[in-house]
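Structure first, then comments.
The model shown is predicted, which means the values in this text are computed figures rather than measured ones. Below, chain A is the first sequence line, B the second, and so on; all start at residue 1.
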Amino acid sequence: MKTAEIRRRWLEFFASKQHTVVPSASLISEDPSLLFTVAGMVPFIPYMSGLVPAPYPRATSVQKCIRTLDIEEVGKTTRHGTFFQMNGNFSFGDYFKREAISYAWEFLTSPQAKGGLELNPELLWVTVYKDDDEAIELWREIADIPMARIQRLGMKDNFWSTGQPGPAGPCSEIYYDRGPEYGIEGGPEADDNRYIEIWNLVFMQYERGKGLGKDDFEILGELPKKNIDTGMGLERVAFLMQGVENLYEIDEVRPVLDLAAQLANKTYGALVEDDVRLRVVADHIRSALMLIGDGVSPGNDGRGYVLRRLLRRSIRAMRLMGVNEPVIGKLITVSKDAMKDSYPELEADFKRIITSAVAEEEAFLRTLTSGSLVLDQAIADVKSSKGSILGGESAFLLHDTYGFPIDLTLEIAEEAGLSVDRDGFTSLMTEQRDRAKADAREKKLGGTDLSVYSAFRALGTTKFTGYEELESDGKVLGLVHDGQSVKVLSHGSVGEIILDTTSLYAESGGQAADAGTIRGEGFELEVLDVQKPVKGLVSHKVLVRSGEVSVNSKAVTAVDEDWRLGACQAHSATHVLHAALRQVLGPSALQSGSYNKPGYLRLDFAWNQALSIETKSELEEVSNLAIRRDLAVSSNLMSQAEAKEFGAVALFGETYDELVRVIQIGGPWSRELCGGTHVSRSSQIGLLSLGAEASVGSGARRIEAFVGMEAFRSLTLERSLVARLTDLAKVPAAALEEKLQQTFEELRNVQKRLALIEQQALQGRIPAWVASAKVIGGQKVAVADLGIVDGADVLRTIGAGLRAELGEASVSIVSALLADKPAVLVAVGSAAIARGVKAGALVKLASAVLGGGGGGKDDMAQGGGTDSSKLSLAIEAIEKALA
RNA sequence: GGGGACUUAGCUCAGUUGGUAGAGCACCUGCUUUGCAAGCAGGGGGUCAGGGGUUCGACCCCCCUAGUCUCCA
């Protein structure tokens, strides 16, 4: 049975049991502390914890997941995959243990003709938590499983909790027996390779207290509303049902493995090492495909780095099998074809996906090329010093700084007859890891504790009224001072206030927080910042201007009207500019982030080269035309699916609720998902003028713009600048550029000529200096004082000129003033050098007198100091030394 | 978020006790050659990423900023 078919049956089965079918959430987790969605229940956590009321009593999903913790194990075992799909059914205070067990059993064992999987019940085993007699009873009653195939396991295996206070409960896991050829008898307890876990049922029935880790805590009592959370590994069931050995050989993965084998000219199954490499490629390529599909691009931190590693590890594995040509394009195409049944959006978006993946491969091939040069040099160095071991530092440097993978280093060094100090490498690696971890720990401790906000959030969400009105009545739900919940904030103090209703916009979606005030009986607060520390809860940072505010008081939030108008202008202008970018550059110029506040906006977008002046003008023209056309701006709430069909642009890396707000400017002219505040007609934006444009990393650029009056001011500023320049240059504005160019060129020519003339003038004085040369200690000594010069190289040419005239038995002393500092240069002929006269030593003597230092070579040296009045004393010191 | 490396002529890169910025390719001029490929001679081209500091003096040492590459979390 195909994987997509198992998936389809799953959703249909639970839909028939009144479950709401929820589409898979993005791999990009909503929780900023999690890089990815790592389990099927992640999108349902708020409903499980009771923070948010569940919109449906029961739900089912097939969730895309990424886990990279065991990335090194991929390919070596049957079960480690970085991407997998988790089938789940969930109950939020609705059904419990009996139904969960009953549904699971029915789905697994009922005939395929009736929509089940028709697994042989004789091969199914279950484990339960050791004290959960209820579960055992139910398994006996519903499934009639003999006690011999039910095992009791402890806290570690069969008790679920998050590791923190909150819901917890026992689990029951279902295993499939692959048969004696895969391991020993004795059930899952004895051998988890022969007995494969396929489904975990979690019965959330307790409230757990504080305590450390997963098995040392206190149970506080029963939950008022009990939940069911289950997870069935789709890949595991698929490989069992498809009669293959592991998840790399299922229909959604195998084609990639086969193509990789073909490209490398290898036979799968022939050599263990190559098999591992082939599986790595098959797994990583699929994960990369799904990640890029969800909007991740390769980068050097966070999610982007994980994606980069997946792609680079694939390329490295291919290299180790002897393939040096680009392969990613072919592999990812095959992977897409294998996955598109379940994820049709991959096909629609494939051009973007393959472009991104192939670009990363090209970048890595460049890295490998430059790394090879460094490695070759390191190997040559070891060999020339008759060594046989490449040091751990070299291997680490290659890996850390040049991105050259360690196993390629190992292989190339081996080919060159060298071994590599692996222990040295590993310990440097550990050091770097510890450094990063220590830092992360410090950040976590220093970071804010969100529990105080979570407590308020449990009471409900903050109602935002700011789309409709600027002033709203509310009630003070809580006050926070120094991270602690307090009852009162007094005059002059700064703290946070949480209300049931607010008209003040919290910073989000790139829009800055509103400015305004909060007033009530006997107090007035100035709003400094507005944030959403946890989803759904707005916290206002305020300064108490007068009086004191206490919990439960009534309060009126008031947005500063001018500020809000500016914010609306800037935010709508951001949409206009985004639309203009995509119109001028093409639809791939997608916004990747933005920031806007009254008068100013900044937009990051996907593009890989600088914008020309012409392009920028075109952008301004398209934007300002749209503003001038007075387009209507509207906002509509709709489901994500509707919005998508509607063609609204969603931003990658953002997560949205199921109900989304779509902002349109001029109907289809611009359609974006957005929670911000906007003007009602485009003409209210007034004017948009572009500012700086720059790179913010590979494939990403940032453009700034001014909006409304600020745009006008930025333009007048430029106009007055041009006016002043034309005034200075005495030409009309149109001729300014040419005039400047001309002037610069003339200036350069004149400077050159001047230098030449000065030098000639000085050179003309050489005969006089030569004539006045004295003979001291057997060599001719000439002294030349150049006066004020503007570069040290003049001294050099004169010194060299004098020496040429005086012959080899000579010492030439040149002095000058560089600005106000005395400088002295000594040039010595070769015959004098032979007699032991050293320019460096003479200069040191002189410059010591001048209060400085100096040095150089035997034939020419220069130095200087700070006291120009001692210049003649310094020269005398040299003459004395020569005598 | 924390590290490492890099940034020098149009391009690819050299440049150590801090003391005269170079090579190859490309470009320009002349010569040579039936032509092509090239050869010979000469020449132009540099705020040494930007800013600050130390120093008599900084491509070089120190600090800051930016860009590029890279590893780790």
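No more than 12 heavy atoms of other residues, nucleotides or ligands shown are found within 6.0 angstrom of CD on A:Glu414.
For A:Arg796, the side-chain atoms get nearest to B:U20 when compared with the rest of B:A73, B:U20, B:G57. The side chain of A:Ala436 sits closest to B:G1 out of B:G1, B:G4, B:U20. Here the nucleotide nearest the side chain of A:Arg312, chosen from B:G57, B:U20, B:U70, is B:U70. Of the candidates B:G4, B:C56, B:U70, the closest approach to any side-chain atom of A:Arg308 belongs to B:U70. For A:Tyr402, counting side-chain heavy atoms from C-beta on, the closest listed nucleotide (B:A5, B:U70, B:A73) is B:A5. In the set B:A73, B:G2, B:G4, B:G2 carries the atom at the smallest distance from any side-chain atom of A:Arg435. Taking every side-chain heavy atom of A:His399 into account, B:C71 is the closest of B:U20, B:C71, B:G57.
With both pairing distances under 3.5 Å, B:C69 is matched to B:G4 as a Watson-Crick or G-U wobble pair. In this entry B:C40 has B:G30 as its Watson-Crick or G-U wobble partner, both defining distances falling under 3.5 Å.
Between A:His399 and A:Phe404, the gap from one ring centroid to the other reaches at least 6.0 Å.
Between the side chain of A:Gln432 and the base of B:G2, at least one donor-acceptor pair of N or O atoms lies under 3.5 Å.
Distances shorter than 4.0 Å separate some side-chain N or O of A:Lys821 from OP1 or OP2 on B:G57.
Classification of A:Asp867 and A:Lys870 as a salt-bridged pair holds, one side-chain N sitting under 4.0 Å from a carboxylate O.
What separates CG of A:Leu307 from P of B:C71 is a distance of 13 Å, to the nearest Å.
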